[in-house]
Number of protein chains: 2
Amino acid sequence: MTQLHQPGKLAPHNPIADDGDDVHFCSTCAFGSVCLPAGLDKIALNELHMLVEHVGPFHAGDHIFRSGERFGALYAVRAGMVKTRQLDDEGHEQVLGFHLPGEMIGLDAIHPAKYPCDAIALDTVFVCRFSFPALSMLAAKIPDVQQRLFDLLSADIGKSSRFSGDHTADERLAAFLLDLANRYAARGFASNAYRLVMPRADIANYLRLAAETVSRVLRRFQDQGLIRVDGRELELTDKPALLKLARHILRD
Amino acid sequence: MTQLHQPGKLAPHNPIADDGDDVHFCSTCAFGSVCLPAGLDKIALNELHMLVEHVGPFHAGDHIFRSGERFGALYAVRAGMVKTRQLDDEGHEQVLGFHLPGEMIGLDAIHPAKYPCDAIALDTVFVCRFSFPALSMLAAKIPDVQQRLFDLLSADIGKSSRFSGDHTADERLAAFLLDLANRYAARGFASNAYRLVMPRADIANYLRLAAETVSRVLRRFQDQGLIRVDGRELELTDKPALLKLARHILRD
DNA sequence: GCATCGCATTGATCTACATCAACGCGAGTC
DNA sequence: GACTCGCGTTGATGTAGATCAATGCGATGC
């Protein structure tokens with residue numbers, strides 16, 4: 001059924017052999033504490049691995065799921081970057097977020113059992129698919145799994161209002177750059193320099209700015225020595241200064 | 001422990017006798033499907049009623065919980081209106097939402113086990129307090145309870161980004177008024193006329209506008225025959241026109 | 001090589017809304 | 001009654017960032 005709408009192929013289900021570095025990768029994933037043996041007995045672990053499918057590759061522009069589709073599964077990004085967005089009746093796009101390896105998407109679809117947004121690959125993407133009916137059955141049996149789901153859902157509520165406040169372009173952009181850095185760091189990636197995978201227009205849309213404004217502010221940040229930009233390559237050269245700008249938004 | 005920070009008194013725990021119209025009220029609450037017998041056996045129902053406490057009254061300005069406090073419980077608003085908000089390090093307020101009778105608050109506090117915002121009564125408020133440890137134990141035993149929690153959490157993710165888009169003052173205000181109307185209607189209240197319990201400044205903050213702009217737009221809406229305003233009393237006299245303005249925001 | 005295309009940058013101008021300021025008005029309070 | 005005080009309204013002015021327009025520039029195709 002996932003194949004109906006996406007060009008990615010189902011990998012043969014073989015969670016260990018499928019990726020030489022599975023254990024290492026999963027340890028940094030949002031669901032890693034669940035998928036990895038830690039504390040789970042053999043039977044539980046088996047059941048979990050039964051309900052995970054590795055899906056991919058998706059290429060830039062491919063949909064992982066589409067707005068309006070029946071909700072059937074959560075996805076964890078394994079590799080690449082995913083954009084979530086909504087289109088209104090006139091086709092105006094509203095970017096909801098960018099999702100890094102190790103992060104979950106689809107949490108906002110549980111109720112009312114429809115994906116409320118499109119999930120689109122920004123580059124080459126692999127995901128883990130968690131069948132939700134199977135997952136919630138497992139959650140009922142294993143308190144840690146249930147709690148982990150509650151945690152992920154709860155954290156997403158706060159995240160989705162993080163950039164909803166009233167702030168200047170400088171503040172929002174600084175917060176955006178630091179937020180990405182923090183999230184890369186949390187997954188074990190280098191965080192002082194990374195690639196902005198998405199086009200400027202997507203950043204602008206997400207932050208409620210014009211693409212021109214994003215361009216100008218990045219330029220000024222560079223002139224002020226806060227960052228270095230070269231196309232989509234980014235380096236944060238003065239995090240304290242960025243943090244000072246972003247402190248109203250990133251309150252943790 | 002709730003008494004440490006709030007002036008509300010614990011009502012004696014007696015869910016049936018405590019309110020002559022309990023069953024009727026609970027049937028319209030976000031957690032009604034859980035608290036009411038529907039499908040639950042006697043033992044389960046008993047356990048549920050053991051973990052619910054009726055708390056109140058809170059008066060305008062009282063805190064139901066405070067930002068930074070250890071998370072211990074979810075709350076359903078029973079009566080009155082609750083505002084949730086965050087303060088940044090310089091004391092700038094950011095209003096996150098307004099919560100009507102039958103709606104849940106505290107869902108964003110499960111992870112990382114701290115309330116991320118203040119919950120403040122806007123008028124006289126009564127709440128139901130659900131101990132979260134007890135509730136999640138019950139959820140593990142009763143699939144419907146677990147599912148209901150997943151649903152509430154998931155729906156809140158979408159809600160919290162509803163007003164985060166880039167829209168004009170007119171669109172946001174129209175969407176705000178209709179959203180309140182819809183939510184009142186969903187709980188069985190009259191929805192064509194209601195009271196804006198919060199001051200203009202709170203509406204403005206929530207919608208990222210200045211209080212003056214809210215005032216001016218409401219005035220113009222009235223002049224155009226879309227609404228009638230008298231202080232905080234509001235009547236929607238041309239819903240189709242409001243909906244036309246708000247359609248980019250309320251996509252459902 | 002040249003042409004095309006998508007994206008990014010840079011400059012000039014415009015505007016929706018904020019900000020500043022004054023005033024109104026009902027509810028307490030003395 | 002007069003005096004706050006909190007809130008809302010209304011008008012005049014300012015500005016952050018949008019919009020419009022032109023140019024740059026690397027990647028792809030022929």
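Worth saying up front: this structure is predicted, and the values here are computed from it rather than measured. Numbered from 1 within each chain, the chains take letters A, B, ... in sequence-line order.
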- Task: Assess whether side chain to side chain contact (heavy atoms under 4.5 Å, CB included) is satisfied between A:I249 and A:R162, documenting all intermediate values.
- Result: CA-CA 7 Å; A:I249 302 176; A:R162 164 160 291 178; 4.2 Å; yes

- Item | A:Y206 ring center near A:F98 ring center (under 6.0 Å) | yes

- side chain to side chain donor-acceptor pair (under 3.5 Å), paired with B:D118, selected from B:R85, B:R66, B:K83: B:R85

- Query: Between B:Y194 and B:L177, is there a donor-acceptor pair closer than 3.5 Å when you use the side chain of the first and the backbone of the second?
  - Reply: yes

- Query: Between atom CG in A:L207 and atom C1' in D:dG17, what is the gap in whole Å?
  - Reply: 13 Å

- Under a 4.0 Å heavy-atom cutoff, the residues of residues 227-237 of chain A touching DNA chain C are A:R232

- Lys/Arg-Asp/Glu bridge criterion (N-O < 4.0 Å) met for B:D170, B:R220: yes

- Item | Nucleotide D:dT19, atom P - distance to CG of A:N205 in whole Å | 12 Å

- Query: Atom CZ in A:F163, atom CG in A:L173: separation rounded to 0.5 Å?
  - Reply: 9.5 Å

- Query: How close or far is atom P of D:dC7 from atom CE of B:M198, stated in whole angstroms?
  - Reply: 14 Å

- In short, the helix from C:dG1-D:dC30 to C:dC30-D:dG1 is bent end to end, axes from five pairs each side, to 10°, by 30°

- Sub-4.5 Å side-chain heavy-atom contact between A:R200 and A:L218: yes

Protein and nucleotides 16-19 of chain C: nitrogen or oxygen contacts under 3.5 angstrom:
{"residue": "C:dC17", "atom": "OP1", "partner": "B:A169", "partner atom": "N", "Å": "2.8"}
{"residue": "C:dA18", "atom": "OP1", "partner": "B:R208", "partner atom": "O", "Å": "3.3"}
{"residue": "C:dA18", "atom": "OP1", "partner": "B:A210", "partner atom": "N", "Å": "2.9"}
{"residue": "C:dA18", "atom": "OP2", "partner": "B:A210", "partner atom": "N", "Å": "3.1"}
{"residue": "C:dA18", "atom": "OP2", "partner": "B:T213", "partner atom": "OG1", "Å": "2.3"}
{"residue": "C:dT19", "atom": "O4", "partner": "B:R216", "partner atom": "NH2", "Å": "2.9"}

- Measure from the side-chain N and O atoms of A:E235 to the backbone N and O of A:R228, and report whether any donor-acceptor pair falls under 3.5 Å. no

- Do any side-chain nitrogens or oxygens of B:R219 fall under 4.0 Å of OP1 or OP2 in D:dT9? no

- With side chains defined as the heavy atoms from C-beta onward, is the minimum distance between B:S191 and B:K239 less than 4.5 Å? yes

- Write down the distance between CD (B:Q222) and P (D:dG8), rounded to a whole number of angstrom. 15 Å

- Should the ring pair B:F65 and B:Y115 be called parallel, tilted or perpendicular, given that the plane angle runs from 0 to 90° and is split at 30 and 60? parallel

- Item | Flag, side chain of B:D123 to backbone of B:M81, donor-acceptor distance under 3.5 Å | yes

